[in-house]
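Notes follow the structure.
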Amino acid sequence: MTQDTALQMNAEITIARQPAPFPVQEPETKCVVSWKGGVGKTTLAQELAYLDNGVAGDMDWSKGGLSKGWGYDEAQRLGAPLIEAFEKGTVPTPLRGGDRKPDLIPGHSTFGEHEPPAEKVKEDLTRWAEVLKRKITWDTHPDACDSTYGALAAARVVVVPVVFKTREMAALEHLLEDISDYPLLLIPYMVKSLPKHHHNWLKDLVKRYNVPVGPVVGFYPWIEIRRKRVAICSEPVFKKEEEFVSQMKRVHTAVVRYGS
């Protein structure tokens with residue numbers, strides 16, 4: 001997708017509302033949410049956390065998620081820091097990511113079996129950010145579960161990837177039916193073209209649910225087979241990564257300015 005196409009698309013989508021100003025939340029908590037997997041949620045969470053110089057938190061217990069891609073192998077570690085922090089009332093210590101990836105609060109494959117109630121998740125995520133004095137971006141499980149609802153309630157901004165495929169758009173519509181009262185920011189993601197039906201579908205959803213749309217991110221097939229553990233936005237940025245990095249920085253700016 002060319003830059004001109006991205007600009008054309010944003011110009012054609014009706015931006016229904018600018019969010020009302022939110023109380024200052026410092027340090028802030030935000031999350032990336034979808035009711036369907038495979039839409040780029042984890043990559044968005046990692047890159048936004050990196051651009052914040054912040055922490056990426058992983059509450060998605062699916063295999064192949066944020067923690068594994070970061071380089072965390074739970075089989076080689078003692079305990080489950082996320083689960084233990086919720087159960088013991090402690091604050092998890094983020095693992096250092098160094099210069100090329102965000103720090104990490106790792107998830108665990110059994111978190112779904114130990115999921116706290118949504119209200120506790122909300123309270124703990126907010127408290128952790130305050131104690132750590134760090135911005136935390138949470139990757140969530142692709143389902144309407146307690147931990148996701150807790151992350152939604154704690155978040156200053158909820159980033160929602162929009163993928164122009166029929167099942168993905170149906171899942172987006174379901175998500176908006178459920179949670180359009182949260183501070184959502186829709187991000188057209190993995191965009192290769194502008195299918196008229198799906199584009200009109202998004203414009204209808206934006207108008208119906210009165211949600212804002214942020215910058216567009218194109219489709220980059222090399223991301224799907226990438227094996228590097230570092231953030232794509234980290235230096236050095238290679239030629240093939242430049243357009244993606246530029247688009248992600250615009251998304252990050254839209255997230256930072258949300259509600260201002």
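All values reported here derive from a predicted model rather than from experimental measurement.
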When you compare the side chain of [Y] with that of [X], does any pair of heavy atoms fall below 4.5 Å?
X	Y	value
P116	K122	no
R96	L104	no
K135	N53	no
D103	L95	no
V160	L172	yes
P161	V39	yes
V121	D146	no
P81	F86	no

Check: [X] side chain, [Y] main-chain N or O, donor-acceptor pair, under 3.5 Å:
X	Y	value
D73	A75	yes
S180	E177	no
E241	F238	yes
E84	A80	yes
T42	G65	no
T140	V32	yes

TODO: For the pair V33 and I179, evaluate side chain to side chain contact (heavy atoms under 4.5 Å, CB included) and give the outcome as yes or no after the intermediate values.
DONE: CA-CA 10 Å; V33 170; I179 62 169; 4.3 Å; yes
Working to the nearest 0.5 angstrom, can you tell me the gap between [X] [atom1] and [Y] [atom2]?
X	Y	atom1	atom2	value
I223	K228	CD1	NZ	12.0 Å
L82	S67	CG	OG	8.5 Å
Q46	C233	CD	SG	9.5 Å
I232	T43	CD1	OG1	6.0 Å
K249	T253	NZ	OG1	9.5 Å

If you compare all heavy atoms of [X] against all heavy atoms of [Y], which two are closest, and at what distance to 0.1 Å?
X	Y	result
P188	P215	CD-O, 3.8 Å
P94	I105	CG-CG1, 4.2 Å
A85	W128	CB-CZ2, 3.7 Å
Y149	A144	CE1-CB, 3.7 Å
W70	G97	CZ2-CA, 3.7 Å
R134	P27	O-CB, 3.1 Å

Task: side chain to side chain contact (heavy atoms under 4.5 Å, CB included) between C145 and E115, worked out - done: CA-CA 9 Å; C145 54; E115 210 181 6; 3.3 Å; yes
Open item on the list: Tell me if the centroids of the rings in W61 and H108 come within less than 6.0 Å of each other.
Closed with: no
Task: Full working for side chain to side chain donor-acceptor pair (under 3.5 Å) between S246 and R250 - done: CA-CA 7 Å; S246 176; R250 282 194 291 276; 3.0 Å; yes
Open item on the list: In terms of relative ring orientation, are F164 and H198 parallel, tilted or perpendicular, with 30° and 60° separating the classes?
Closed with: parallel
- [ ] Please assess Y220 against Q247 for the test side chain to side chain donor-acceptor pair (under 3.5 Å), listing each intermediate value before the final yes or no.
- [x] CA-CA 12 Å; Y220 302 95; Q247 291 168 353; 2.8 Å; yes
Do NZ/NE/NH1/NH2 and the carboxylate oxygens of [X] and [Y] come within less than 4.0 Å?
X	Y	value
K41	D139	yes
R77	E74	no
D204	K207	no

Open item on the list: Is it the case that the side chains of E173 and W201 hold a donor-acceptor pair, with the cut-off being a distance below 3.5 Å and no angle test?
Closed with: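 A pair is found: one side chain offers a donor N or O, the other an acceptor, under 3.5 Å apart.
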Open item on the list: Within 45 degrees of the ring normal and closer than 6.0 Å to the centroid, is that where the cationic atom of K30 sits relative to W138?
Closed with: no
Task: Working for side chain to side chain contact (heavy atoms under 4.5 Å, CB included), residues V191 and F219 - done: CA-CA 5 Å; V191 178; F219 174 68; 5.9 Å; no
Task: Steps toward side chain to side chain contact (heavy atoms under 4.5 Å, CB included) verdict (V131, R127) - done: CA-CA 6 Å; V131 172; R127 178 169 58 88; 4.1 Å; yes
